[in-house]
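Ligands are counted one by one from 1 in listed order, and the atoms in each one are counted from 1 as well. Values below: all heavy atoms of this structure, side chains included; hydrogens, waters and symmetry mates excluded. For this chain, numbers begin at 1 and follow the sequence in order.
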Amino acid sequence: MISSVISNGIKGVVNIPGDKSISHRSIIIPSISNGICEINNILKSDDVMHTLKAFKSMGVRIDEIDQKLVIYGKGLNSLKKPKNNIYLGNSGTSARLLTGLLSSQSFDSTLTGDKSLSSRPMNRISNPLTEMGARIKTTTSSLPLFIQGTNLAATSINIKIPSAQIKSGILLASLNTKGETNITENKITRDHTEKMLDSFGANIEIKKLDKKKYIKIIGQKELVSKNIDVPNDLSSSAFFIVCALINNNSHITLKNINNNPTRNGIILALKKMGAKINIFNQKINNNENICDITVETSMLHGCEFGPEYADLMIDEYPILSIAASFAKSPSIFRGLKELRVKESDRLKLIVLNLQNCGVNCRAENDDLFIYPTDKYETKNNVIKTEFDHRIAMAFAIMGTKLGPLEIKDSKSINTSFPNFRKEINNLGGNIS
Ligand code: S3P
């Protein structure tokens with residue numbers, strides 16, 4: 001993919017796809033609930049389709065009718081042993097959540113993934129599940145995982161790594177486990193799973209105290225399905241928001257965007273940098289906050305963001321780094337350890353590619369320092385992505401200012417945002 005400079009900004013209403021995190025949960029939770037669930041606006045990307053295929057392979061009836069997905073759930077114990085290994089492509093969310101769910105089933109299963117997913121750590125989910133009695137075998141602490149389904153024992157789990165995927169995996173395991181599972185989250189992460197379980201009637205109680213979260217869940221209560229409207233994805237929106245901020249004469253509108261307070265750090269951060277972002281039409285649907293957003297070209301200034309921001313916007317650092325490269329003063333982002341174990345080592349690739357674009361920046365331990373200038377001289381115009389969709393999209397936005405940039409392995413964008421290129425071009429962009 002080649003991303004070239006745009007001369008007259010981006011303008012119009014952006015078609016942002018459904019939220020990826022909520023789409024995964026909208027397949028997983030109704031598949032183990034009772035009743036029929038109609039889902040509107042599900043994200044049809046590679047990652048979510050891997051979750052969908054996984055549940056079809058475990059005997060769940062899922063129909064695609066027009067733009068809707070209809071899931072016929074038959075309860076906590078209705079899944080069937082899949083005939084083959086479950087292949088999850090590039091999707092870390094599918095892998096961690098399914099590991100939890102499958103460890104408390106009455107059958108064995110094997111999870112596999114692509115090269116990138118097979119190099120990501122799975123002991124972060126298998127270790128706490130093992131504390132509950134799960135039987136999970138792996139040779140390298142990563143995929144493939146061999147899960148011997150069994151009855152787990154309810155216990156107390158203290159989650160040390162800030163990760164919604166770990167928390168959600170444990171919650172899904174505890175649904176089919178007799179007794180009271182208590183989860184302590186030392187840093188609060190995105191709470192889509194808790195919100196959906198609560199609205200499906202799970203026996204779940206949540207308390208927040210001193211920036212920690214305590215979740216109590218009593219298992220073996222059957223869930224009741226509800227229809228779901230998936231809101232649009234703020235993480236996907238962030239690429240367009242930054243594109244509008246850094247390109248002159250831009251003015252865009254984004255509608256029906258998920259503005260969940262455990263996840264909206266990118267809006268807070270960009271506003272702190274001086275972005276003209278207007279949030280309006282705020283409402284709540286299916287327990288999730290939703291809003292419309294307008295954005296216009298803005299002169300940004302650099303900022304320091306401490307580790308407390310990382311939990312609120314972990315997926316947005318690649319695109320935030322692009323925004324910081326066009327600010328009028330330096331930025332420091334601290335506490336980015338988790339960025340190293342995403343679809344790629346994102347901290348490494350941000351620094352490598354920014355430096356390639358002529359941006360003076362460095363990573364020191366897990367902190368990122370960016371020193372912007374008025375004029376960049378790109379060293380060469382090839383962006384290395386290691387098949388990471390968010391690195392590819394972030395540097396495509398960089399290309400709108402410093403292009404042409406050749407974004408390698410850009411097919412990865414299909415994992416979260418298949419229409420990305422079309423959307424940018426509809427608004428005045430120039431990506432071929
Ligand atoms: C996700 C949680 C985050 C995020 C990922 C989606 C989820 O991962 O990076 O893109 O849907 O739960 P971690 O939980 O590992 O931080």
* Any pair with a residue in residues 17-31 that passes salt bridge (Lys or Arg N to Asp or Glu O under 4.0 Å), sequence neighbours left out, goes on the list, sorted by first then second residue, please. => Asp19-Arg263, Lys20-Asp47

* Evaluate the ring planes of Tyr317 and Phe333, with Trp represented by its six-membered ring, and classify them as parallel (under 30°), tilted (30 to 60°) or perpendicular (over 60°). => tilted

* Which word best sums up how the rings of Phe417 and Phe240 line up, parallel for under 30°, tilted for 30 to 60°, or perpendicular for over 60°? -> tilted

* Do me a favour and list the nearest non-hydrogen protein atom to atom 1 (C) of ligand 1 with residue, atom name and distance? => Gln165 NE2, 3.6 Å

Check this for me - ligand 1, [X], N or O atoms closer than 3.5 angstrom, yes or no?
X      : value
Ser21  : yes
Ser163 : yes
Ile166 : no

Does ligand 1 have any atom sitting under 4.0 Å from a heavy atom of [X]?
X      : answer
Arg25  : yes
Lys342 : yes
Asp315 : yes

* To do: Taking Thr400 for its side chain and Ile397 for its backbone only, find out whether a donor-acceptor pair lies under 3.5 Å.
  => yes

* Cation over ring, Lys401 on Phe326, under 6.0 Å and within 45°? -> yes

* Asked: With sequence neighbours left out, what residues match Glu131 under salt bridge (charged side-chain N to carboxylate O under 4.0 Å, His left out)?
  -> none

* Which bit of His192 is near ligand 1, meaning a heavy atom under 4.0 Å away: side chain, backbone, both or neither? -> neither

